[in-house]
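Structure record follows, encoded as structure tokens.
Counting starts at 1 for both ligands and their atoms, in listed order.
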Amino acid sequence: RSKELGRNKFRFYNSQMSEQNRQEMLLEERLHHALTNRTLEVYYQPKVDLASGTLTGLEALLRWHDEVLGTVSPARVIPLAERLGLIEAVGAQVLDKVCAQLAAWSHLDRVPVAVNLSVLQLHSDRFLAELDRCLAQHGIPPQLIELEITESCLMPERADAMLALLEAIRARGIQLSIDDFGTGYSSLAYLRKLPLNTLKLDRSFVQHLPHSAEDVEISLAVLGLARGLGLQVIAEGVETPEQANFLAQHQCGQGQGYLYSPALPAHKAAEWLTGQAWLGGQ
Ligand code: C2E
Ligand code: MG
Ligand code: MG
Ligand code: MG
């Protein structure tokens, strides 16, 4: 009898598991399909100078519109790819598409394009060689590429190796930003040693500016820290003129967010590189 109960219990878990497994297997199969057919897309979100509103750069953001699954957000794709050991392939495809796009835009105004990296990409021995190969293949000057890493990339176990890698990246003329700054746990002592160009003030601190007294203090502290360390600041998720004005008044150089533009497909982003975006906005 107990054996039978045990077996039923097993079956129950088993059917739950297999439903989850089926989901996961379908996602995996579709992601393989997307990688093979190179159907992952890259959209571009403008970054602007807050004082003048002019374009300073673009951020490349992964978009996946699958014919079976529909749209799958990066918040879902990236962790999935990391779990399945496919993040290097996803990252390589994003970087390749960005470099190909930059080459296609070579006759337009040139601004750097920022690419987001997963910590697992940075832990791969092949990363730097792949990056060099990709830039060379498309003839892209390293100054046109910026890499965004999060504080989770900076965990102390591999601090020395990570520092060496980041220095090698910077030595090529590639820019480095810390994304979602203020939400991680990296120590200021470590941060100070890193060859960074930019801190990206996380959207969670920008969202309630200028009304939240706490967020005002946090933002001013980050701006002061950046100034002291000689780093630029970009505010993420700027959605209102009040936020933009507050940030500009407090010497935050750049912003990005829906106030200016969401991430756009390449042909739409190109309008920002030719000045046409301004005409469209009037
Ligand atoms: P992130 O790098 O911090 O990118 C900013 C996210 O905020 C993007 O979401 C962007 O669409 C969204 N956003 C921009 N402006 C606003 C705004 O004004 N309001 C609001 N509510 N949201 C705004 P997205 O594209 O869904 O990407 C989410 C995260 O996924 C990214 O956060 C990044 O961590 C990761 N990600 C995206 N593409 C890639 C990629 O190619 N590789 C890797 N490793 N990660 C990526
Ligand atoms: Mg980013
Ligand atoms: Mg961010
Ligand atoms: Mg973010």
Side-chain angles (χ1 to χ4, degrees), residues 31 34-35 38-48 50 56-65 71-101 112-124 127 130-131 134 145-154 175-184 186 196-209 222 232-244 247 252 254-266 268-269 272:
L31 186 54
L35 284 167
R38 298 185 52 82
T39 51
L40 294 176
E41 289 182 85
V42 179
Y43 276 37
Y44 298 87
Q45 186 179 36
K47 300 180 180 183
V48 305
L50 283 172
T56 58
L58 296 168
E59 178 173 0
L61 293 161
L62 177 70
R63 292 292 179 264
W64 185 20
H65 307 288
T71 298
V72 189
S73 75
R76 213 159 152 228
V77 185
I78 300 298
L80 173 78
E82 288 177 342
R83 258 199 323 279
L84 295 173
L86 294 173
I87 191 66
E88 279 184 64
V90 170
Q93 193 164 124
V94 168
L95 190 66
D96 186 67
K97 291 197 168 179
V98 166
C99 287
Q101 192 60 63
V113 175
V115 175
N116 291 284
L117 294 184
S118 149
V119 60
L120 296 182
Q121 285 175 274
L122 284 168
H123 287 171
S124 154
F127 176 73
E130 268 299 306
L131 179 64
C134 193
I145 291 286
E146 187 171 331
L147 298 176
E148 295 192 2
I149 62 179
T150 58
E151 289 174 77
S152 62
C153 295
L154 307 175
Q175 312 268 319
L176 269 181
S177 310
I178 296 283
D179 210 345
D180 306 338
F181 184 72
T183 62
S186 51
L196 301 172
N197 302 95
T198 306
L199 300 184
K200 299 194 74 176
L201 178 64
D202 190 65
R203 182 165 69 87
S204 59
F205 305 123
V206 173
Q207 214 168 14
H208 303 293
L209 293 178
V222 171
Q232 305 185 53
V233 179
I234 300 188
E236 296 189 284
V238 179
E239 295 183 355
T240 70
E242 290 74 32
Q243 292 164 353
L247 289 159
C252 178
Q254 298 169 68
Q256 92 189 87
Y258 297 162
L259 177 62
Y260 305 101
S261 174
L264 302 167
K268 278 294 196 185
W272 280 78

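Taking every non-hydrogen atom of R63 and a distance limit under 4.0 Å, the qualifying atoms of ligand 1 come out as 11 (O), 24 (P), 25 (O). Within ligand 1, counting atoms from 1 as listed, the ones closer than 4.0 Å to a heavy atom of E239 are 17 (C), 18 (O), 19 (N), 20 (C), 21 (N). Each of the atoms 3 (O) of ligand 1 lies under 4.0 Å from some heavy atom of E236. Counting atoms of ligand 1 from 1 in the listed order, those under 4.0 Å from a heavy atom of G237 are 16 (C), 17 (C), 18 (O). Atoms of ligand 1 lying under 4.0 Å from at least one heavy atom of G257, given by number and element, are 15 (N), 18 (O).
When non-hydrogen atoms are compared, ligand 1 lies under 4.0 Å from the backbone of L117 (N, CA, C, O) but not from its side chain. Only the side chain of V94 comes within contact range of ligand 1, with a heavy atom under 4.0 Å; no backbone atom does. By the criterion of a heavy-atom distance under 4.0 Å, the side chain of D180, and not its backbone, is placed next to ligand 1.
Here atom 2 (O) of ligand 1 lies nearest to D179 when heavy atoms of V90, L40, V115, D179 are compared.
Closest N/O/S atom of E236 to the Mg ion (ligand 3): OE2. The atom name of the N/O/S atom in D180 closest to the Mg ion (ligand 3) is OD1. Nearest N/O/S atom of D179 relative to the Mg ion (ligand 2): this is OD2. Summary: OE1 is the N/O/S atom of E148 found nearest to the Mg ion (ligand 2). For E59, the N/O/S atom at the shortest distance from the Mg ion (ligand 2) is named OE2.
In this structure, Q45 has a heavy atom closer than 4.0 Å to ligand 1. Residue contacts with ligand 1 do not include K200, since none of its heavy atoms lies under 4.0 Å from the ligand.
The structure places CG of L201 at 11.0 Å from CG of D179, a figure rounded to the nearest 0.5 Å. The CD atom of Q45 sits 6.5 Å away from atom CG of L61, with the distance rounded to the nearest 0.5 Å.
Among L62, V115, V42, the one residue that satisfies the side-chain contact (heavy atoms from CB on, under 4.5 Å) test with K97 is V42.
Around NZ of K268, the count of heavy atoms belonging to other residues, nucleotides or ligands within 6.0 Å does not exceed 12.
E148 and S177 are not linked by any side-chain donor-acceptor pair at a separation below 3.5 angstrom, with hydrogens and angles left out of the test. Side-chain polar atoms of T183 and E151 form no donor-acceptor pair below 3.5 angstrom.
For N116, the nearest N, O or S atom to the Mg ion (ligand 2) falls under 2.8 Å.
Residues meeting the side-chain hydrogen bond (donor to acceptor under 3.5 Å, both in side chains) test with E59, sequence neighbours left out: N116, K200, Q256. Applying the side chain to side chain contact (heavy atoms under 4.5 Å, CB included) criterion to H208, with sequence neighbours excluded, gives S212, D215.
L247 and A235 get closest at one heavy-atom pair: CD1-CB, 3.5 Å. Closest approach of P46 and P262 over heavy atoms only: CD-O, 3.8 Å.
In terms of polar-atom proximity, defined here as any N/O pair under 3.5 Å, L62 does make such a contact with ligand 1. Annotation: Q256 places no N or O atom under 3.5 Å from an N or O atom of ligand 1; distance criterion only.
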Next on the checklist: Q232 vs Q254, test: side-chain hydrogen bond (donor to acceptor under 3.5 Å, both in side chains). Steps then yes/no.
Outcome noted: CA-CA 8 Å; Q232 305 185 53; Q254 298 169 68; 2.9 Å; yes
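Between D180 and R203 no salt bridge is recorded (no basic side-chain N to carboxylate O distance below 4.0 Å).
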